[in-house]
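Working notes for the structure below.
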Amino acid sequence: MTTAEAVSIELSFEDNRVLPILYGPHNANLTRIEYQLGVTLAPRGNALVIHGPDGAAGQAATVLKTLWDRASRGHEVASADVDTAIRFTHADAADGSASVGPADAWTRGTIQTRRRVIAPRTPTQLVYAEALRTHELVFALGPAGTGKTYLAVAQAVSLLNSGQVDRIILSRPAVEAGERLGFLPGDLREKVDPYLRPLYDALYDMMPAEQVARGLDTGTIEVAPLAFMRGRTLANAFVILDEAQNSTGVQMRMFLTRLGENSRMAVTGDPSQTDLPPAERSGLTQALEVLKGVDGVAQVRFTDRDVVRHPLVTRIVRAYQAADERNRQPGRRA
C-alpha cells in the first residue's frame, strides 16, 4: 500500500482583520481542520501554509477558501461551519462532483426560525431541506444523529411562524407502552411526553419557551401517540411522525391517509432499528416500497457520513453496521 505524497500549499489572505474570524478563538478552527483532515496548518502573517498528504492538503485549501469567503462577507465561522465545509468538500472529492457546496447550504438551504437560522450541515441534509420545502410528504431515513427530526421540526416551525400552516402536530409510536398508555399517570400529553422528548428538545431550540408553552395550551402545537390519530383529518398543519420504523403497516397506512388540505408530513425513522416484535413487519419499510415514485412524495436516505453529533457517534454507527454485515454472512449467527 502506497502512502500519499506529502505536499505544501500556501494560501494568502488580503485582509488581516478577517483572519481572527477565519482562524477562530485561539486558532480553534485551524486545530479542527488539522484533526479532521490530518494536515498541519502554519499561519505566517497574511499567509497560511498547509502541509500534508496531497488529497487532504487540497481539501484543506478548499475548506479554508470557502470559510474565508464566508468570513469576509461578515458571517461568523463557528465549529459547525468548519464541519459543514469539510463534509461538503469530502462529498465532492468522493463522487467527483462540485455541483453543490457549503455556500449552497448557507444560502438556499437555510430554514428561518424565531431563535435561529438553521443551515444544512451535510449534502444529504441540503437535499432533505429542499425536499421539505417542495414535497407534501417526505420520508427521512437513516441512523441517529443525522438531523432527520431536527430539520423537520425546523421546517414546521418556520411554516408556522410565517402563517403558512396553523399548527404543528407531533406523533410517535409508543411501542414501549404497547400503545396502551392508560396506566401511566397524568393527562394524555404527560403520558406521551417521554416518547416525544426529542421533538420537544428541537422545539425549544427554535422557539421561545413561552411560545412553546402557549402553543401546547392552545393546540397550535399538538402531541399525540400514533394510535390516537385514527379518524382525524389533519388540515393546515405540518405533521411529523418520528421513529416511524416502530409503526405497523396498518398504523402507517392510517397515518398517511390523515393528510388534509394545505398540510405537509415528514416521516422519520431508521428501518434497521425497529422495536416491533420479530414477526411484525415495519410499516415504514412497507410504505417506502408502496409509495416509491408517487408524485409529491420524496425519500431521503442518510448514512453514517451524515451524522452531525459527536464524532464518536459516527464511529459507533459504523461499528454496528459492520457487525450487522458480519452477522448477515452465510454460516454466521447473531
Side-chain angles (χ1 to χ4, degrees), residues 3-93 101-107 109-113 115-123 125-126 145-147 150-151 154 201-202 204-206 304-318:
T3 303
E5 181 181 354
V7 299
S8 292
I9 300 174
E10 182 171 326
L11 302 179
S12 296
F13 305 105
E14 67 266 15
D15 191 345
N16 269 336
R17 295 170 298 178
V18 179
L19 289 179
I21 302 173
L22 174 64
Y23 292 173
H26 308 291
N27 291 348
N29 292 341
L30 300 186
T31 301
R32 200 173 189 90
I33 294 171
E34 288 178 325
Y35 175 76
Q36 294 199 39
L37 298 183
V39 298
T40 300
L41 305 179
R44 297 176 182 173
N46 272 33
L48 180 70
V49 178
I50 307 167
H51 184 75
D54 191 2
Q59 185 182 355
T62 302
V63 167
L64 286 160
K65 291 175 184 176
T66 299
L67 296 174
W68 167 263
D69 183 67
R70 177 174 175 79
S72 63
R73 294 173 186 269
H75 299 292
E76 68 170 343
V77 179
S79 58
D81 300 313
V82 176
D83 294 342
T84 296
I86 290 173
R87 291 190 188 97
F88 273 85
T89 56
H90 179 76
D92 291 344
D104 295 286
W106 295 324
T107 53
T110 56
I111 301 173
Q112 180 73 52
T113 69
R115 297 194 64 180
R116 64 183 59 203
V117 177
I118 290 90
R121 294 170 61 181
T122 73
Q125 283 194 359
L126 176 57
T146 52
Y150 191 82
L151 288 177
D201 290 343
Y204 282 110
D205 206 28
M206 299 166 202
D304 56 84
R305 284 173 55 182
D306 298 298
V307 173
V308 293
R309 292 180 182 170
H310 191 287
L312 180 58
V313 175
T314 301
R315 298 195 290 273
I316 290 171
V317 170
R318 288 174 177 168

My understanding is that only one of Val82, Ile9, Leu30 makes a side-chain contact (heavy atoms from CB on, under 4.5 Å) with Leu64; could you say which?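 Checked Val82, Ile9, Leu30 against Leu64; only one passes side-chain contact (heavy atoms from CB on, under 4.5 Å): Leu30.
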Out of the candidates Asp83, Thr89, Val39, only one should pair with Val63 under the side-chain contact (heavy atoms from CB on, under 4.5 Å) rule; please name it.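 Of Asp83, Thr89, Val39, side-chain contact (heavy atoms from CB on, under 4.5 Å) with Val63 is met by Thr89 alone.
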Sequence neighbours left out, what pairs pass salt bridge (Lys or Arg N to Asp or Glu O under 4.0 Å) with at least one residue falling in residues 59-69?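 Of all non-adjacent pairs touching residues 59-69, those that pass salt bridge (Lys or Arg N to Asp or Glu O under 4.0 Å) are Asp69-Arg73.
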[X] side chain near [Y] side chain, heavy-atom distance below 4.5 Å:
| X | Y | result |
| --- | --- | --- |
| Leu48 | Tyr23 | yes |
| Gln59 | Thr62 | no |
| Arg305 | Thr122 | no |
| Ile50 | Ile33 | no |
| Thr84 | Trp106 | yes |
| Pro43 | Asn27 | yes |
| Arg87 | Val308 | yes |

Is a side-chain donor or acceptor of His51 paired with a backbone partner of Leu41 at a separation under 3.5 angstrom?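 Not confirmed, His51 side chain does not pair with Leu41 backbone.
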Checking Thr146 against Asp306 for the side chain to side chain donor-acceptor pair (under 3.5 Å) test, could you report, in this order, the C-alpha distance in whole Å, the side-chain angles of both residues, the deciding distance, and whether it holds? CA-CA 5 Å; Thr146 52; Asp306 298 298; over 6 Å; no
Distance-minimising heavy-atom pair for [X] and [Y]:
| X | Y | result |
| --- | --- | --- |
| Pro120 | Phe88 | O-CE1, 4.3 Å |
| Gly45 | Leu19 | O-CD1, 3.7 Å |
| Gly38 | Pro53 | O-CD, 3.7 Å |
| Arg70 | Glu76 | NE-O, 2.9 Å |
| Ala71 | Leu22 | CB-N, 4.3 Å |
| Gly109 | Leu126 | CA-CD1, 3.6 Å |

How many angstroms lie between atom CZ of Arg32 and atom CG of Asn29, to the nearest 0.5 angstrom?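 That separation rounds to 8.0 Å.
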Applying ring-ring contact (aromatic ring centres under 6.0 Å, His included), can you list everything that pairs with Trp68, at least two apart in sequence or on another chain?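 Result, ring-ring contact (aromatic ring centres under 6.0 Å, His included) vs Trp68: Phe13.
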